Amino acid sequence: MRIFLIPVMAAFITLVGCQSAPHSTLYQDLGKLQGIENIVNDFLFGLGSDPRIAHHFAEADPERLRSKLVEQFCAESGGGCTYTGDSMKESHAGMNITHADFNALVEVLVDAMEKNGVSVAAQNRLLKRLAPMHRDIVEQ
Ligand code: HEM
C-alpha cells in the first residue's frame, strides 16, 4: 500500500511546490495592465506639466501616445502585449531631443512609478529595458 502512496505524494509535492514559488515578472511588479495604465496616465500628466520638456508634447496626440506607451511598457515588461506603434527612430525623428530632455523624461517616469508604489528594483528593471532606446531618440 505504502509503495503506491510514494508517486502520489511526489506529484502532490511537485504541484504545491510550483504554486508556492510563482515567478514574479516585471509585468506583475508594475501592477499588470491596470498598473501600467495608471503609471502611463501619471507619466503623461507629468510630461505635460514639466517646464523642461512639455513643449515637445504640445502637438502630440495624447490618446495615441497613451495607448502606444501602454502597449510598449506591457511588451517590454513581459506582459505579452504587442507594440503596434512606430519605431523609436521614426516617432522621434526631427524633434532635436537632447540628452537633457531624455534624462528629464526618465525623471518624470520614475516619479510616476514611485507614485504608483513600484519598487525601486522594478523601476530599475523597466529603465534598463528603455535606456538603450536613447540611441534612436536623442539627436544632439
Ligand atoms: C525611453 C524614452 C522614450 C520612450 C520609451 C518613448 C516612447 C514613445 C512612444 C511609444 C511613442 C508613440 C509612437 C507612435 O505614435 O507610434 C512616442 C512618441 C513621442 N515621444 Fe517618445 N519616448 C521616449 C523619449 C522621448 C523624449 C525624451 C521625448 C521628448 C522630450 C519624447 C517625445 C515624444 C513625442 C512628442 C511623441 C509624440 C509624437 C507624435 O504624436 O507625433 N519621447 N514616444
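Quick caveat, the model's predicted, so the values are computed rather than measured. Every number for a ligand or one of its atoms is a count from 1 in the order of the listing.
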Participant: Contact between Leu109 and Leu127 at the side-chain level, heavy atoms closer than 4.5 Å - yes or no?
Facilitator: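 Leu109 vs Leu127: side chains touch.
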Participant: For atom 3 (C) of ligand 1, what is the nearest protein heavy atom, given as residue, atom name and distance?
Facilitator: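 It is Ile137 CD1, 3.5 Å.
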Participant: For atom 26 (C) of ligand 1, what's the nearest protein heavy-atom neighbour? Residue, atom name and distance, please.
Facilitator: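 Residue, atom and distance for the closest contact: Leu105 CD1, 3.6 Å.
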Participant: Among all protein heavy atoms, pick the one closest to atom 37 (C) of ligand 1 and tell me residue, atom and distance.
Facilitator: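 Heavy-atom neighbour on the protein nearest atom 37 (C) of ligand 1: Ala60 CB, 3.8 Å.
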Participant: In the protein, what heavy atom is nearest to atom 18 (C) of ligand 1, and what distance, to one decimal place, separates them?
Facilitator: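 Atom 18 (C) of ligand 1 sits closest to the protein heavy atom Leu65 CD1, 3.4 Å.
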Participant: Determine the interplanar angle of the His134 and His99 rings, folded into 0 to 90°, and report it as parallel if under 30°, tilted if 30 to 60°, perpendicular if over 60°.
Facilitator: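 Ring orientation of His134 relative to His99: tilted.
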Participant: Give a yes or no on whether Leu30 and Phe45 share a hydrophobic cluster (residues Ile, Leu, Val, Met, Phe, Trp, Tyr; joining criterion: side-chain heavy atoms under 4.5 Å apart).
Facilitator: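 Not linked; separate clusters.
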Participant: Taking only non-hydrogen atoms of Met88, do any sit less than 4.0 angstrom from ligand 1?
Facilitator: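 The answer is yes: ligand 1 sits under 4.0 Å from a heavy atom of Met88.
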Participant: Polar contacts were defined as any N/O atom of the residue lying under 3.5 Å from an N/O atom of the ligand; does this apply to Ser91 and ligand 1?
Facilitator: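 In fact, backbone or side chain, Ser91 has no N or O that close.
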Participant: Could you find the nearest protein heavy atom to atom 43 (N) of ligand 1 and give me its residue, atom name and distance?
Facilitator: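 For atom 43 (N) of ligand 1, the nearest protein heavy atom comes out as His92 NE2, 2.9 Å.
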Participant: Quick one: are Leu126 and Val118 in side-chain contact, heavy atoms under 4.5 Å?
Facilitator: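 No, side chains not in contact.
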Participant: Hey, which atoms in ligand 1 end up nearer than 4.0 Å to a heavy atom of Asp86?
Facilitator: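 Those of ligand 1 that fall under 4.0 Å from Asp86 are 14 (C), 16 (O).
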Participant: Atoms of ligand 1 less than 4.0 Å from Gly85 heavy atoms?
Facilitator: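 Atoms satisfying the 4.0 Å criterion: 16 (O).
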Participant: Enumerate the atoms of ligand 1 whose separation from the nearest heavy atom of Phe102 is less than 4.0 angstrom.
Facilitator: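 The list of qualifying atoms is 1 (C), 2 (C), 27 (C).
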Participant: Ignoring hydrogens and angles, tell me if any N or O in the side chain of Asp29 forms a donor-acceptor pair with the backbone of Leu26 under 3.5 Å.
Facilitator: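 No; judged by distance alone, with no hydrogens or angles, the pair does not exist.
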Participant: Any protein heavy atom under 4.0 Å from atom 41 (O) of ligand 1?
Facilitator: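 False for atom 41 (O) of ligand 1.
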Participant: Taking only Lys NZ, Arg NE, NH1 and NH2, and the carboxylate oxygens of Asp or Glu, determine whether Arg64 and Asp86 approach each other closer than 4.0 Å.
Facilitator: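 Salt bridge between Arg64 and Asp86, a charged N being under 4.0 Å from a carboxylate O: yes.
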Participant: Would you mind telling me if ligand 1 is within reach of the side chain of Ile97, the backbone, both or neither, using heavy atoms under 4.0 Å?
Facilitator: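 Near ligand 1, Ile97 shows its side chain, while the N, CA, C and O stay back.
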Participant: Does the side chain of Glu71 come within less than 4.5 Å of Thr82's, by heavy atoms?
Facilitator: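 Not touching, per the 4.5 Å side-chain cut-off.
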Participant: Is a side-chain N or O of Tyr27 found less than 3.5 angstrom from the main chain of Leu33, in a donor-acceptor match?
Facilitator: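 Looks like yes, one N/O pair under 3.5 Å.
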Participant: Test your reading of the structure: does Arg64 have an N or O sitting under 3.5 Å from an N or O of ligand 1?
Facilitator: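 In this structure, Arg64 places an N or O atom under 3.5 Å from an N or O of ligand 1.
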Participant: Looking at atom 13 (C) of ligand 1, what's its closest protein heavy atom, distance included?
Facilitator: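 Answer for atom 13 (C) of ligand 1: Tyr83 OH, 3.5 Å.
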Participant: Start with the C-alpha distance between Asn103 and Glu107, add both sets of side-chain angles, then the distance that settles side chain to side chain donor-acceptor pair (under 3.5 Å), and finish with yes or no.
Facilitator: CA-CA 6 Å; Asn103 292 340; Glu107 271 179 42; over 6 Å; no
Participant: So which protein heavy atom does atom 5 (C) of ligand 1 come closest to, and at what separation?
Facilitator: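 Among all protein heavy atoms, the one nearest atom 5 (C) of ligand 1 is Gln72 OE1, 3.3 Å.
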Participant: What I'd like to find out is whether the side chain of Asp136 reaches to under 4.5 Å of the side chain of His92, using heavy atoms alone.
Facilitator: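 Contact flag for Asp136/His92 side chains = no.
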Participant: For Arg52, does its backbone N or O pair with a side-chain atom of Asp50 as donor and acceptor, under 3.5 Å?
Facilitator: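 Flag set: sc Asp50 to bb Arg52 pair under 3.5 Å.
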Participant: Please list the nearest protein heavy atom to atom 33 (C) of ligand 1 with its residue and the distance rounded to 0.1 Å.
Facilitator: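 The closest heavy atom on the protein side is Phe57 CE2, 3.5 Å.
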Participant: Check each of Met133, Met95, Arg129, His56 against atom 36 (C) of ligand 1 and report the one with the nearest heavy atom.
Facilitator: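 Checking each option, the heavy atom nearest atom 36 (C) of ligand 1 is found in Met95.
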Participant: Quick one: which ligand 1 atoms are inside 4.0 Å of a heavy atom on Asp61?
Facilitator: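 Every atom of ligand 1 under 4.0 Å from some heavy atom of Asp61: 40 (O).
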